[in-house]
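Below is one structure; the comments refer to it alone.
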Amino acid sequence: MLLDMLYIVLLVVKDCRSQIEHWKKVENDYESLQDRLRTLPDKLSYDIMVPFGPLAFMPGKLVHTNELTVLLGDNWFAKCSAKQADALVEHRKKHVKNTLDDLQKVMKNFQNRADFTDDLEKLTGDTGDFADIREEVINEEEVTKGKPRLALKPNSKPKQEYLLELEEDKEKKEGDEERTTGVLSEEELWARLDELERQEELQDERYRLDSTDTNGEDTTSSSEEEKEADGGSDVQVNGHQKENGWVPSSITSQMNGTNGSHPEDEEEEDCNEEAGNGLPTIYFSHTAEFKKVRINTGKNTTLKFSERNEQKAQAKRKKKSGKSNGHSPHESYKITSPADIYRVFVDLVNGEPIPRKSILKSRSRENSVCSDTSESSTADFEERRAAFGRSWSHDDATHSDTSDGITEEESPTGTSPRTNGRFEAFTGTVIEKDPLPCSIPHLTIAPPALPTIPERKLEEVGPEAPQEPPKRMSKFKATRLHQK
Amino acid sequence: MAEAIHKKLQSELEKYQQLQKDVSKSMSLRQKLEAQLTENNIVKEELALLDCQNTVYKLIGPVLVKQDLDEAKATVSKRLEYINGEIQRYETLLKEMERKSEQHREVLSSLQQEYQRAQGQAVGKV
């Protein structure tokens, strides 16, 4: 339709142009006529070559040079002098000028329309109504909301307890270590489940490979486990071949198709990280802040996931590890599967990360995730972050056998807590979108990365290598263990 | 059944086309009238520029007939009025024709639908 409009407009413009040309010629003719009229009465008679038919001329004389018979129009003539004729011509010229002006105006209007249509078309591209909307993702490791996953079992109840869906808070991170995860919508949860499952699979391998910490591990593993326990897990995790575990975020419209891109990093608004397919691109940038993910890290503390921190973490992590992609926005807690959650929420018992039986349960004070974080966060925070994407698996791997053991441990334990958790009363508060007051103990899964960034940092700074393995277990695990 | 509808459709179509032609003819006539209108306006203005001394001629066939300036002015004014009247007439005529063509269009579309239905049925039956 745009094309048609454009065509019509262009036609009109062309028509206007031709008409303008015509009238300009007329005007020129009148001008030369006026000149002739002015010079004609100078002489009484002129010797001229009179045209004699179409092919011959004859010498003759032009007399009565001041007597002119002027055609007034519509078969009316008037005899007048040259000067009078001149006046008449002037009057006509006025008319011609008016016409010309009108035409010019019309042409300009239509030209504008044509230009506009042109621009519009360019904008929309040849594809018509499609435009590629891109948002430049500066920090790829941003919080991503839960990836939309196809729930193969739509009837299965997604676990609400985990706050798998980390909703992006618009609050600024105040540096608290509380995190609340929003409640994912069902579909998203399923999507997340799928994703986490896949990630879990990958993680096992990664554990061996990666040497970064596993803040996210626990969380992701726990989340994975939980999700598995949920019985769901037929859900396909989309695009989660990514190593990044990421805290399931909330309702963002994560693209399923963001394989390879960083779903986690995507922000709320449907930032499509994937390249457009040659369509006109609209660059979009959203300014929402990440929501904080609050995770109950046991000790009635919730880790607040600040996007900013996560972004920072992510950025750092990214730098550190080239691999992470689509890392969890949350710092080191990349929860991409239920298992991750468990991994993250590790109870720290005697410095050992012990997987928690149920992350739903509030951990004792000592096993707060925060503290666990310390455990798990003792690992280099950066590393963890970096690893987060690789996540839990990496962490495990780096950590060595303990981690592996833990991972394995987690799985079974994860299942049980998961199942337990599934059927246990949820004693905490599910943080959906409203950030819960910190004072309320809630069972939320705080991606380990989150909790206390300062804490973690400390911890990270602290014993790194040696502690990493234990840390990898993550607070969640520890908490879990402790709880058990 | 389909055949009858088909025939009806054809006749309606023809009528509609005829109507359209009339409409376009009227349109062109009207446009001509409008051109004459502008021309006569110019003549009127130019006559006003002249004074009594100039003789005014009217071209009737191959003959230039002398006219009085005032007479000429009057004639031109009358002609102008006449042209305006004609334009009005044509306007109404055009509107009427447009309305009729609209009706015909509707009839045509309904007939077409019927025809298609009949066709469908025929095909179905077959």
Side-chain angles (χ1 to χ4, degrees), chain A residues 8 11-12 15-16 18-20 22-31 33-34 36-38 40-41 53 63-106, chain B residues 20 23-24 27-91 98 105:
Chain A
I8 291 168
L11 265 180
V12 172
D15 192 45
C16 281
S18 65
Q19 274 192 337
I20 285 173
H22 168 258
W23 286 110
K24 275 211 173 106
K25 221 181 343 165
V26 167
E27 203 182 4
N28 287 338
D29 286 346
Y30 274 129
E31 292 270 329
L33 179 64
Q34 271 184 319
R36 171 65 77 242
L37 284 175
R38 281 176 202 137
L40 204 57
V63 296
H64 296 281
T65 52
N66 208 28
E67 291 173 30
L68 294 158
T69 310
V70 178
L71 171 68
L72 304 173
D74 196 25
N75 288 343
W76 288 98
F77 290 83
K79 251 201 165 108
C80 38
S81 72
K83 282 220 173 106
Q84 286 168 331
D86 195 42
L88 280 171
V89 169
E90 199 62 46
H91 174 256
R92 283 195 202 164
K93 256 187 8 183
K94 218 174 23 164
H95 266 280
V96 169
K97 272 209 180 86
N98 288 340
T99 318
L100 257 178
D101 287 342
D102 290 341
L103 277 174
Q104 296 273 25
K105 266 190 237 158
V106 168
Chain B
Q20 285 290 93
V23 166
S24 60
M27 282 278 280
S28 61
L29 276 173
R30 187 169 169 268
Q31 275 169 2
K32 228 173 24 161
L33 277 174
E34 283 210 27
Q36 282 181 1
L37 185 76
T38 37
E39 200 185 357
N40 274 285
N41 270 324
I42 292 181
V43 170
K44 192 161 169 216
E45 287 166 17
E46 288 184 350
L47 277 175
L49 282 174
L50 293 171
D51 56 20
C52 321
Q53 220 211 348
N54 314 91
T55 39
V56 178
Y57 295 92
K58 179 138 171 83
L59 184 71
I60 300 175
V63 180
L64 263 180
V65 180
K66 212 171 179 178
Q67 293 277 343
D68 209 8
L69 183 66
D70 298 325
E71 264 184 56
K73 282 188 188 161
T75 316
V76 170
S77 313
K78 274 205 212 107
R79 180 141 176 86
L80 261 175
E81 284 170 23
Y82 170 74
I83 291 174
N84 276 322
E86 285 282 292
I87 286 180
Q88 297 294 339
R89 197 168 64 84
Y90 271 99
E91 282 269 309
E98 188 64 36
R105 229 177 295 163

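For clarity, every value in this text was computed on a predicted model and none was experimentally measured. Just so it is clear: chains get the letters A, B, ... in the order the sequence lines come, proteins before strands, and each one is counted from 1.
Taking a 6.0 Å sphere around NZ of A/K79, one finds it holds 12 or fewer heavy atoms contributed by other residues, nucleotides or ligands.
You'll find the side chain of A/W76 reaches within 4.5 Å of the side chain of B/Q67, heavy atoms only. Annotation: side chain of B/D51 is in contact with side chain of A/Q84 (closest heavy-atom distance under 4.5 Å). Considering only heavy atoms from C-beta on, B/L50 comes within 4.5 Å of A/L72 through its side chain. Side-chain contact between B/I60 and A/N75 is absent, with no heavy atoms from C-beta onward closer than 4.5 Å. A/F77 is listed as a side-chain neighbour of B/L64, based on a closest heavy-atom distance under 4.5 Å.
With a 4.5 angstrom heavy-atom cutoff, B/I42 touches chain A via backbone and side-chain atoms both.
Rounded to the nearest 0.5 angstrom, A/R92 CZ and B/L49 CG are separated by 10.5 Å. Distance check: B/E46 CD to A/H91 NE2 gives 6.0 Å after rounding to the nearest 0.5 Å.
Remark: A/R36 pairs with no residue by the salt bridge (Lys or Arg N to Asp or Glu O under 4.0 Å) rule, at least two apart or across chains.
With no hydrogens or angles considered, no side-chain donor-acceptor pair links A/D74 and B/Q36 at under 3.5 Å.
Among the residues in residues 73-81 of chain B, those with a non-hydrogen atom closer than 4.5 angstrom to a non-hydrogen atom of chain A are B/T75, B/V76, B/R79.
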